[in-house]
Amino acid sequence: MIIAANLKTNLTRKQTAEYIAELENYVSNGSTQEVLVFPAMSSLDSYDGKVIVGAQNAYPTQNGAFTGEIGTEQLDEFGIKTILIGHSERRHVLGETQEELVKKFNFYKELGYKIVYCIGEPLEKREAGKEEMMKYISTQYKGIDTSYENLIIAYEPVWAIGTGLTPTLEDIENIHTDLKEKSTAPLLYGGSVKVTNAQEVLALKNVDGILVGSAALYVEHFCTMIGYAQKLQK
Ligand code: PEP
């Protein structure tokens, strides 16, 4: 399974290095799970091990005049070939449009990056009923090559991110089953996954892993979740 940590704007460079060292130590002790970590931009570095380190964001460019952004020149320095695209905080807090995300997706796809592409509905779309909600989610697939071989999709309801709220297990399974019809790419669930619910979520049909934010900040919690996936042997 794929177990991913989005560290967002947390941890210093030193703390991140300690986090990854501890994680690497855990993972290299017999785990066969695919473990991804997305640290803050200033904590990116060359990490040689089983843990895959990716960028939370980068601009679709090699370099240039894009103040505040990084491109492949900076990612190449650390051998980073994995990127998160379409996270709800980038869509809804930072205002990235589907058009911009598609441009970014295509740029990094051309370069063969492993792309974790996030989708998910805000609360008002969920409350508008299943049909409306799926219609909204479909717009997030627009322009995205869903058969890209290095694609991982993460379904993350916006209202579940960082709120402690989650859909029911039945809802997660149903939505994942519908989404699997759109793409056979591995499908992660994200949104308030923690040690207390990760095992049940991972066990669901059509859940190929999890993307964890807040709860992953505690490396021991994140390792516990990797251990759950290992036990499930899906
Ligand atoms: C996320 O940021 O992708 C996420 C799932 O956050 P949290 O686990 O805190 O809800």
Side-chain angles (χ1 to χ4, degrees), residues 1-11 15-16 19-20 23 33-44 51-58 82-96 101 104-105 114-123 125-126 133 136-137 140 144 151-169 171-173 175-176 179 185-204 206-229:
M1 300 184 88
I2 301 166
I3 315 296
N6 175 14
L7 302 180
K8 311 195 191 200
T9 318
N10 296 298
L11 306 189
Q15 287 168 332
T16 303
Y19 181 102
I20 293 173
L23 191 56
Q33 307 308 305
E34 183 172 340
V35 176
L36 312 179
V37 178
F38 296 93
M41 212 185 266
S42 61
S43 299
L44 293 178
V51 173
I52 300 168
V53 175
Q56 289 175 23
N57 177 49
T82 301
I83 186 165
L84 196 60
I85 295 179
H87 189 275
S88 90
E89 284 147 18
R90 296 216 57 92
R91 290 181 191 267
H92 300 285
V93 181
L94 296 155
E96 264 183 68
L101 294 174
K104 197 174 281 191
F105 184 96
K114 188 192 290 282
I115 299 176
V116 178
Y117 181 69
C118 304
I119 54 168
E121 80 289 351
L123 189 59
K125 294 294 172 189
R126 165 154 290 242
M133 182 182 105
Y136 177 86
I137 292 175
Q140 299 178 321
I144 300 297
L151 170 65
I152 297 167
I153 298 174
Y155 168 61
E156 302 202 296
V158 180
W159 52 274
I161 297 183
T163 58
L165 303 170
T166 54
T168 62
L169 295 172
D171 276 348
I172 296 174
E173 193 165 89
I175 294 164
H176 273 234
L179 294 177
L187 183 57
L188 315 184
Y189 169 77
S192 295
V193 174
K194 33 191 179 295
V195 165
T196 48
N197 61 10
Q199 200 161 11
E200 309 172 294
V201 172
L202 285 165
L204 296 172
N206 288 323
V207 171
D208 303 309
I210 46 178
L211 174 54
V212 190
S214 338
L217 287 176
Y218 304 94
V219 69
E220 63 280 14
H221 287 200
F222 191 53
C223 290
T224 301
M225 295 186 228
I226 298 167
Y228 289 156

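Whatever order the structure lists them in is the order used to number ligands and atoms, beginning at 1. Heavy-atom basis, side chains included; hydrogens, waters and symmetry copies ignored. Positions are given from 1 along the sequence.
- Using a 4.0 Å cut-off to heavy atoms of Asn6, the atoms of ligand 1 that qualify are 1 (C), 2 (O), 3 (O).
- Tested against Val193 for a side-chain contact (heavy atoms from CB on, under 4.5 Å), the candidates Thr166, Ile210, Leu211 yield a single pass: Ile210.
- Residue Gly162 places at least one N or O, backbone or side chain, under 3.5 Å from an N or O of ligand 1.
- For Ser192 (side chain) and Ala160 (main-chain N/O), a donor-acceptor pair under 3.5 Å exists by modelled atom type.
- A salt bridge links Lys114 with Glu34: the distance from a Lys NZ or Arg NE/NH1/NH2 to an Asp or Glu carboxylate oxygen falls below 4.0 Å.
- Looking at Ala160 against ligand 1, only its backbone comes within 4.0 Å, counting heavy atoms.
- Screening Asn6, Asn10, Thr16 for a side-chain contact (heavy atoms from CB on, under 4.5 Å) involving Pro39 leaves a single residue, Thr16.
- At least one N or O atom of Gly213, backbone or side chain, sits closer than 3.5 Å to an N or O atom of ligand 1.
- Protein heavy atom at the shortest distance from atom 9 (O) of ligand 1 is Ser214 OG, 2.4 Å.
- Looking at Glu156, its side chain never comes within 3.5 Å of a backbone N or O of Ile119 through a donor-acceptor pair.
- Inclusion of Glu156 in the set of residues having an N or O under 3.5 Å from an N or O of ligand 1 is warranted.
- At the shortest separation from atom 1 (C) of ligand 1 among protein heavy atoms lies His87 NE2, 3.2 Å.
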| field | Working for side-chain contact (heavy atoms from CB on, under 4.5 Å), residues Tyr19 and Leu7 | value | CA-CA 10 Å; Tyr19 181 102; Leu7 302 180; 3.9 Å; yes

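- The contact set between ligand 1 and Leu211, taken as ligand atoms under 4.0 Å from a residue heavy atom, comprises 3 (O), 5 (C).
- Ring planes of Tyr136 and His92: parallel class, angle under 30° (limits at 30 and 60°).
- Contacts between Lys194 and ligand 1, counted as non-hydrogen atom pairs separated by less than 4.0 Å, are absent for every part of the residue.
- Per-residue contacts place Gly191 under 4.0 angstrom from the following atoms of ligand 1 (heavy atoms of the residue considered): 5 (C), 10 (O).
- Set against the non-hydrogen atoms of Ser192, the atoms of ligand 1 under 4.0 Å away are 7 (P), 8 (O), 10 (O).
- Side-chain atoms of Gln33 come within 3.5 Å of backbone N or O of Met1 as a donor-acceptor pair.
- At a 4.0 Å heavy-atom cut-off, ligand 1 touches Ile161 through backbone and side chain alike.
- At a 3.5 angstrom cut-off on N or O pairs, Thr163 does not count as close to ligand 1.
- Judged by distance alone, the side chain of Arg90 and the main-chain N or O of Gln56 form no donor-acceptor pair under 3.5 Å.
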